[in-house]
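Take a look at the structure set out below.
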Amino acid sequence: MRRRTKIIGGIVVLVIAGLLSVGVASRRGKDITPVTYGNLARQDLTSKVSANGRIDAKRKVDLSANVMGQVVNLAVREGDVVKKGDFLLQIDQKQLAATARSADAALQAVFSDRDAAKAMAVAAEQDYQRAQKNYEQKITPRSELDRAQSGRDSARANVMALDQRISQARENLNAARDTLQKTTMRAPMAGVVTALPVEEGEVAVIGTMNNAGTVLMTIADMSVVEAVMEVDETDVPSVKVGQRATVTIDAYPNKTFPGLVTEVASSPIKRNGVSASTTEAVNFEVKIQIENPPAGVRPGFSASADIITGTRPKALAIPIQALVVREKPGSTPGKPLDEEGIYAIQNGAVKFHPVKTGLSGDSSIEIVSGAKEGEQIVTGPFRALRELKDGTKVKEQKEEGPNAGADKKS
């Protein structure tokens, strides 16, 4: 009986010892944080700014009515190709033609008045010459000479006044003819009729200070095509004129078109004529001229672009997720300063190294200073990076690929 009791007691002691050893080992394992490892290596970096927008022509013109009237002849349709000077449409010109004829008749009447005034001026000059001779021969008094001189001067002034009236009437006639000419609209440039909001029989209205006039049609020169992009305010400082870009047009899937940044706006895009409020995203317009655009491209097509803002061959880089931003030690309470850095692995533990970053690529970021090539660092996971502190023990956590499970089964 005693022997049996001793055996049972020995087994219990062994079990308790085993449990204690397992607990200690488990506690030690909990003190070690599993992380993924990586190394600082050199690679070619390309920094890009992505944006969305639309396709538009570099040169286009909205044709509006300069005179009010009914459209009586519409010679083009939307999509037609026109040359400079081609006839586009005709606005009713009956009333304006009558006004021009009236102005011409008024000019001819003033010409007749001037002819009569010239004849009277000649007669007045002859009367003055006779009065002067009679005065010199003491035949007539001085008052007759003065009267003849006054008549001559008045006749001359009348001729000069009629000359001015002729100039006025001629300008009125020119204005009437110019207005009449504007009833016939011709293409100001070669291009494609991309919009035609009017129909034959509608009345064209001219614009005023508060009301826009009727837009009769839009002609676009599609020989030079632009992608008009909306770029976020945080990305605009890195976008410059002359940078290369790659444009994708939704209407042409699986195709890309090279382009060149030609314009970067200085003012933000206004929505419905009003500046964006503080709660809205602020975007700036960037124009990219597309090289070799497709033949059937049209204004308004949706497009996206990647603007190359910088390249760095063989740059010392790390994965973006490995970069840690933390509060800088010694910061003023209430006004903390942040610093960027990485967690380097030294003897199974981590140590924070402040670094200076440079160019950012799609998934990597350049390290300008603060780290050395080949140095082993922590690259993830994010939760572990957020909780790490100097001296924390770590172990490598192997990342399983998407086919790892299948490989294990096989």
Report task. Check step by step if side chain to side chain donor-acceptor pair (under 3.5 Å) holds for Gln129 and Glu125. Result -> CA-CA 6 Å; Gln129 296 294 336; Glu125 179 66 28; 2.8 Å; yes
Report task. Run the numbers on Val378 and Val324 for side-chain contact (heavy atoms from CB on, under 4.5 Å), then give the verdict. Result -> CA-CA 10 Å; Val378 177; Val324 179; over 6 Å; no
Requested in this report: Take Gln289 and Val224 through the side-chain contact (heavy atoms from CB on, under 4.5 Å) test and state the conclusion after the steps.
Outcome: CA-CA 7 Å; Gln289 184 172 319; Val224 181; 3.8 Å; yes
Requested in this report: Begin from the C-alpha positions of Thr184 and Phe87 and carry the test side-chain contact (heavy atoms from CB on, under 4.5 Å) through to its verdict.
Outcome: CA-CA 8 Å; Thr184 302; Phe87 173 73; 3.7 Å; yes
Requested in this report: Might you work through the side-chain contact (heavy atoms from CB on, under 4.5 Å) test for Thr357 and Ile367, ending with a clear yes or no?
Outcome: CA-CA 5 Å; Thr357 59; Ile367 300 299; 4.2 Å; yes
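Residue Glu78 holds its CD atom at 7.0 Å from OG1 of Thr194, rounded to the nearest 0.5 Å. A distance of 11.0 Å separates CD of Gln90 from CD of Glu200, quoted to the nearest 0.5 Å. Here the CD atom belonging to Glu387 is positioned 10.0 Å from the CZ atom belonging to Phe382, to the nearest 0.5 angstrom. Here the CZ-CD1 distance, from Arg244 to Ile307, works out to 12.0 Å after rounding to the nearest 0.5 Å. Distance check, rounded to the nearest 0.5 Å: CG of Asp232 to CG of Asn52 gives 11.5 Å. Between the CG atom in Leu316 and the NZ atom in Lys372 there is a gap of 12.0 Å [rounded to 0.5 Å].
Classification of Glu373 and Lys314 as a salt-bridged pair fails, no side-chain N sitting under 4.0 Å from a carboxylate O. A salt bridge does not link Asp115 to Lys118: none of the charged nitrogens lies less than 4.0 Å from a carboxylate oxygen.
A pairwise comparison of heavy atoms in Ala204 and Ile91 identifies CB-CD1, 4.2 Å as the closest pair. Annotation for Ala65 and Val205: closest pair CB-O, 4.2 Å, computed over non-hydrogen atoms. Nearest heavy-atom pair across Leu323 and Ile318 is N-CD1, 4.1 Å. Pairing each heavy atom of Glu291 with each of Phe257, the nearest pair is O-CB, 4.5 Å. Taking all atoms of both residues into account, the shortest heavy-atom contact from Leu45 to Leu359 is CD1-O, 3.7 Å. Among all heavy-atom pairs drawn from Asp56 and Pro299, the shortest one is OD1-CB, 4.0 Å.
Taking the side chain as every heavy atom from C-beta outward, Arg152 and Asp127 never approach each other to under 4.5 Å. Inter-residue side-chain proximity for Glu263 and Glu226 is flagged as unmet; no heavy-atom pair is nearer than 4.5 Å. When side chains are defined from C-beta on, Asp104 counts as touching Arg177, because their heavy atoms get closer than 4.5 Å. Leu145 places a side-chain heavy atom less than 4.5 Å from the side chain of Arg142. By the 4.5 Å heavy-atom criterion applied to side chains, Leu89 and Met217 are counted as neighbours. Considering only heavy atoms from C-beta on, Leu88 stays 4.5 Å or farther from Leu216 through its side chain. Side-chain contact check for Tyr128 versus Asp153: every heavy-atom pair is 4.5 Å or farther apart. Asn39 is listed as a side-chain neighbour of Gln376, based on a closest heavy-atom distance under 4.5 Å.
Put simply, the residue from Arg59, Lys58, Lys83, Lys60 that forms a salt bridge (charged side-chain N to carboxylate O under 4.0 Å, His left out) with Asp221 is Arg59. Checked against Glu366 for a side chain to side chain donor-acceptor pair (under 3.5 Å), the options Arg42, Lys356, Arg312 give a single hit: Arg312. Screening Val286, Ile308, Thr309 against Gln243 for a side chain to side chain contact (heavy atoms under 4.5 Å, CB included) leaves a single residue, Thr309.
Other residues, nucleotides and ligands contribute over 12 non-hydrogen atoms within 6.0 Å of the CD atom of Glu339. Heavy-atom neighbours of Met189 CE from other residues, nucleotides or ligands within 6.0 Å: above the threshold of 12. For Arg114, the CZ atom counts as densely surrounded, since its 6.0 Å shell holds more than 12 non-hydrogen atoms of other residues, nucleotides or ligands. Heavy atoms from other residues, nucleotides or ligands lying under 6.0 Å from CG of Asp390 number more than 12.
Checked by atom type and distance alone, the side chain of Thr218 never pairs as donor or acceptor with a backbone atom of Ala195 at under 3.5 Å. Between the side chain of Asp80 and the main chain of Val193, no donor-acceptor pair closer than 3.5 Å is present. The backbone N or O of Arg147 lies less than 3.5 Å from no partner atom in the side chain of Ser150, so there is not a single donor-acceptor pair. In this structure, the side chain of Thr392 engages the main chain of Lys389 through a donor-acceptor pair within 3.5 Å. No side-chain donor-acceptor contact under 3.5 Å links Thr183 to the backbone of Thr179. Panel note: side chain Tyr252, backbone Pro294; no donor-acceptor pair is recorded below 3.5 Å. No side-chain donor-acceptor contact under 3.5 Å links Glu340 to the backbone of Val355.
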